[in-house]
Amino acid sequence: MFHLLEKTIQEAFHAQILAQFGIDLDVATEQPRQSSLGELAVPAAFQLARQLKQAPKKIAAELVDGIGPIDGVAAMEVAGNGYINVRFDREAYAEGLLRPVPRSDSSVNERIIIEHTNINPNKAAHIGHLRNAVLGDTFVRMLRAAGNRVEVQNYIDNTGVQVADVVVGFHFIERKTPDDVRRLIDDPAVRFDYLCWDLYARTSADYSASPDASGWRAETLHAVESGSGTLAELAHLVADAIVTLHLKTMLRLGVEYDLLPRESEILHLKFWAAAFELLKERRAIFLETEGKNKGCWVMPPEAFAGDSGTEDSKVIVRSNGTVTYVGKDIAYQLWKFGLLGKDFYYRPMMRYPDGHELWVTTDEPQPANGPVPTFGRGTRVFNVIDVRQSYLQDVVVAGLKALGAVEQAARSIHFSYEMVALSPRCCIELGIELSAEDRQRPYVEVSGRKGLGVKADDLIDRLVDKALEEVAVRHEDQPAAEQRRIASEIAIGALRYFLLKFTRNSVIAFDFQEALSFEGETGPYVQYAAVRARNILRKLEERGETLPSFATELSGEALRGAVESEDFWQMLLAASKADVALDRAIVSGEPAHLARFAFQLAQSFNNFYHQYHILTEENRERRTFLLWMTEFFRTQLMRTLGILGIQTPEYM
RNA sequence: GCGCCCGUAGCUCAGUCCGGAUAGAGCGUUUGCCUCCGGAGCAAAAGGCCGUAAGUUCGAAUCUUACCGGGCGCACCA
């Protein structure tokens, strides 16, 4: 509604400026400094002032005189040095919200692919992984809410060094057989991902101590690549078990995927070989004959050095003939755009409780068992990867460009974000020893290799426990299982909001006290507002009344009377901006902006809630209006929370 | 050395892409608010040379340059 009117106003000014001054100006609108000045401000006169060599104030006055009436606008006035402040026709606006005219969504032909999570399947997920998954998942929800078709991929590097290191730990250090490991995986008393977390840290430490270790790793990697033998079997066991556990952890947060593309298939289906041929053909890479990279296939720095600041070539194929991670990533990126000329085979992996099916890649044709969705062939690709990999993402994009896929290169978006580090206080709390130097720092980097970090499930458990305490105090009459379900919704709301409230390029110095807070700018605050709104409506029903049909019971006259009140008008206006907030958050690529809107919306409702007593209102018409506001707030709050992946509990 | 990011209230952060009216939140501090739809709430106060300096502009937290602090990249690791 707000959006439409804003557009109407912009178009009206655009046409008027063109007619009056012959200038084709892209008309911007902004929020007036104070709400009392109107709903929108048009600063166009300032932009025109230079070209016309006239005072902005004069231009603004001429524009207002010339433009004539605009549908939905009640008044326009010149203010300050030349602002044009626009006042909406409040009644018409409220009418539009009360009795919305259905409009058909423009069909979108884009196929957006978002890759996120991508955790190495060799240990438990940690807080940094959660930031990735929550950012990715929320952006997916945002795009889908705006009507886009989105495919979610979670890439599984099941043949890499990190898995190999855990295999080394099991095989060479702990002397465990595949059967031993299988027993550990099946033992309900063992948290296999936690066990691997510790084993991985120990193995990593051993590498620096033991002279045999690097040989072990090479042997394991080789075995994993060939796909046969005890070491390969161990790698499969570990990776598959950990992937299953990661999916479970992510599901606690409401994060689901469409497809798990796996590195093993990229290898077995020779994706790299196909990409290698393409890169050689187009001379995007060449065989280095001298210097330190002699014998390697490299990409010259000119291809990607634009802003990555390096003067060195990037090795794509090592002198021993094996491909680097970037090489594989170029192949994968080509496949995402349908440019590789090859495809995976697919099989359904599991069905989520909500019925959604998760698929995984395989390296051989599957027996026909119902339709297989189309994967890949994207028109736009977002890779949710932390900012430290910018350089490598630049190389991947350069690869596409060098292959002539300029369009696709431009549509390859590195959806980057800063790391989650630990605050010094948090380290102390976790019993982590800090060097004197580290104690001085604002934060300490998480390191899987050192086993330094906050495990995702531990954090979620702590949040649930804390929420449960609160729920138990307030609702001791509810069954325990019920309390736990509510607590879990609150905990997830707190966690997702906490991870989303920071903009992407802000480093999060993780701190338990902040993350565990349920007050102020937090998820539970927003949830609480939605719950309060619902409580009112429930209370109404408990009194034997039903929710009025607002569209028929609220007359235009009643509406006009209500929105004449500045208070009501501002609240209604604020609540009607959910779509605008969503659009802006998508354009800026900042889920944080939508999170902030949710918070402001909740503030606005709490304000309304506190100020007006809805159920005790004696004036019937006014009460109906108040109920409508409540219902409107509730809908907008729940919808926005839903896009953030946060549920609204039944009670709090 | 080169490149990227950050520096805004005691603390944690929005606002910077696209310059505009009196720079905003939350936490913390201080003070009020339960006869009232549940206080995980509401109201209010105190708290800022927006890192520094120059430049562009009618106008700069926002654009340019230099400098000062801090972080991260620049592997035949991923």
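Only heavy atoms go into these numbers, but all of them, side chains included; no hydrogens, no water, no symmetry mates. The chains referred to below are lettered A, B, ... by the order of the sequence lines, with proteins before strands, and numbering in each begins at 1.
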Compare the minimum distances between each of [options] and the side chain of [X], then state the nucleotide with the smallest one.
X        : options             : value
A:Asn120 : B:A78, B:G39, B:G73 : B:A78
A:Asp312 : B:A75, B:A78, B:G71 : B:A75
A:Met419 : B:C72, B:G41, B:G26 : B:C72
A:Ser506 : B:A14, B:A40, B:C76 : B:A14
A:Val315 : B:C76, B:A21, B:G15 : B:C76
A:Tyr528 : B:G26, B:G39, B:C74 : B:G39
A:Leu392 : B:A78, B:C5, B:G26  : B:A78
A:Pro32  : B:A40, B:A21, B:G73 : B:A21
A:Arg532 : B:G41, B:A40, B:C13 : B:G41
A:Lys314 : B:C37, B:U12, B:A75 : B:A75

Contact class for [X] (heavy atom, under 4.0 Å): base, sugar-phosphate, or nothing?
X        : value
A:Ile316 : nothing
A:Phe46  : base
A:Tyr443 : sugar-phosphate
A:Asn118 : nothing
A:Glu418 : nothing
A:Lys294 : base

Is B:C34 in the syn range, within 90° of 0, or in the anti range?
-> syn
For a quick test of reading the model: is some side-chain N or O of [X] closer than 4.0 Å to OP1 or OP2 of [N]?
X        : N     : answer
A:Thr324 : B:A78 : no
A:Gln389 : B:C72 : no
A:Arg474 : B:A40 : yes
A:Tyr525 : B:C42 : yes
A:Asn293 : B:C76 : yes
A:Asn606 : B:G41 : no
A:Tyr325 : B:A78 : no

Distance from A:Leu260 atom CG to A:Asn118 atom CG, nearest 0.5 Å?
->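 Reported to 0.5 Å precision, the distance equals 10.0 Å.
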Working to the nearest 0.5 Å, report the span between CD of A:Glu545 and CZ of A:Arg623.
-> 4.0 Å
Starting from Watson-Crick (N1-N3 plus N6-O4 or O6-N4) and G-U wobble pairs under 3.5 Å, report the runs of at least three that RNA chain B belongs to.
->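 Output for stems: B:1-7 with B:68-74, B:10-13 with B:24-27, B:29-33 with B:41-45, B:51-55 with B:63-67.
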Round to the nearest Å and state the distance from [X] atom [atom1] to [N] atom [atom2].
X        : N     : atom1 : atom2 : value
A:Gln31  : B:A21 : CD    : C1'   : 13 Å
A:Ile385 : B:G73 : CD1   : P     : 15 Å
A:Asn535 : B:C37 : CG    : P     : 11 Å
A:Gln513 : B:C13 : CD    : P     : 14 Å

Is the backbone of [Y] close enough, under 3.5 Å, to the side chain of [X] for a donor and an acceptor to pair up by distance?
X        : Y        : answer
A:Arg504 : A:Gly589 : yes
A:Ser604 : A:Gln600 : no
A:Asn383 : A:Glu115 : no
A:Asn505 : A:Glu418 : no

More than 12 non-hydrogen atoms from neighbouring residues, nucleotides or ligands closer than 6.0 Å to CD on A:Glu476, yes or no?
-> no
Do other residues, nucleotides or ligands put more than 12 heavy atoms under 6.0 Å from A:Lys466 NZ?
-> yes
For residues A:Phe568 and A:Phe625, establish whether the separation of their ring centroids is below 6.0 Å.
-> yes
Under 4.0 Å between a Lys/Arg side-chain N and an Asp/Glu carboxylate O for A:Asp386 and A:Arg131?
->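 Salt bridge: no.
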For RNA chain B, find the residues of residues 610-619 of chain A with a heavy-atom distance under 4.0 Å and give them by number; none if there aren't any.
->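 Residues of residues 610-619 of chain A under 4.0 Å from RNA chain B: A:His610, A:Tyr612, A:His613, A:Ile614, A:Leu615.
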Can a donor-acceptor pair be found between the side chains of A:Thr29 and A:Gln10 at a distance below 3.5 Å?
->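 Distance-only check passes for A:Thr29 and A:Gln10.
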A:Leu641 versus A:Gln527, closest heavy-atom pair with distance = CD1-CA, 4.0 Å
